[in-house]
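Encoded as structure tokens, the structure appears first; notes follow it.
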Amino acid sequence: QWTHFDERTMASLTPDDSGVLGITWENRKVTWEVLIDTFPSLQVKWPDMKPIFDTSRIPVNVYAEDDHAIYQVVLYYRTENKAVNQREILQSYEAHHKVYNENYEWDLSMTPLRAGKRVSAWSEASDRITLHGPNVSKSSAFHFQVESRLEYHEALLDQFRKLSAEMGIL
């Protein structure tokens, strides 16, 4: 790419491969090495918990690592019948951090999720590469139904009543 500044002209290169650049007018050679950027590594451990209420706090273990620098780690979710993704930014970096590791507590009472909703949640980690990126890694999805606390307790009471009635018959 050539850029003109008054009487000066500057050139910039974006090489795809390592190599040597010959600057003939200065009788000089410049060697460069292109380092291929990899996608961030992302591991998410979703909980095995039921029931989940609209006031539940869901523990989510998130580990992300990048070879150069992580830009952002985000938790996304959406309900079954809506195409709009909601998000919570878990971490956003200004500086060059290579590792993010947190036991995040997702507080559903701070979301618009209410009883009866079927939810899909996942996490994404992106890096700081701006040339052809950013590179984004996506975790596996966590699916759950938000339960009604009242209906759950009523169902438990019904089971208790049935059990009590059976025990009285014996």
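In this text, all values refer to a predicted model and were calculated from it rather than measured experimentally. The chain is numbered in sequence order, starting from 1. Because only heavy atoms are used, hydrogens play no part in the values below, and waters and symmetry mates are left out as well, while side chains stay in.
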Side-chain heavy atoms of [X] within contact of [Y], under 4.5 Å:
X	Y	result
R87	V74	yes
E154	L156	no
Y76	Q86	no
Y71	P134	no
P59	E105	no
R128	H96	yes

Under the 3.5 angstrom rule, does the side chain of [X] hit a backbone N or O of [Y] as a donor-acceptor pair?
X	Y	value
D66	H68	yes
S137	P40	yes
D127	N135	yes

Roughly how far, to the nearest 0.5 Å, is [atom2] of [Y] from [atom1] of [X]?
X	Y	atom1	atom2	value
N81	K117	CG	NZ	7.5 Å
S139	W122	OG	CH2	9.0 Å
Q159	S164	CD	OG	11.5 Å
R114	S109	CZ	OG	7.5 Å
S123	E88	OG	CD	11.0 Å
Q43	E65	CD	CD	8.5 Å

* Asked: Taking 4.0 angstrom as the limit, do R57 and D107 come out as a salt bridge?
  -> yes
* Asked: Which atoms form the tightest heavy-atom contact between G116 and Q145, and what is the distance?
  ->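 Where G116 meets Q145 most closely, the heavy atoms are O-NE2, 3.4 Å.
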* Any side-chain donor near an acceptor of the partner, T55 and R149, under 3.5 Å ->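 Distance-only check passes for T55 and R149.
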* Counting only heavy atoms not in E102, do more than 12 fall under 6.0 Å of its CD? -> yes
* How about N27: does its CG atom have over 12 heavy atoms from other parts shown lying under 6.0 Å from it? ->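 Count not over threshold, so no.
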* Only counting residues at least two apart or in another chain, list the ones meeting side-chain contact (heavy atoms from CB on, under 4.5 Å) with A115. => S148
* To do: Hydrophobic side-chain clustering at under 4.5 Å (ILVMFWY, transitive links): who's grouped with F144? Put none if nobody.
  => L42, V44, W46, M49, I52, I58, V60, V62, I70, V73, L75, Y77, L90, Y93, Y100, Y104, W106, L108, L113, V119, F142, V146
* When the ring planes of F53 and H153 are compared, do they come out parallel, tilted or perpendicular, using 30° and 60° as the limits? ->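 Judged by the thresholds at 30° and 60°, the geometry between F53 and H153 is parallel.
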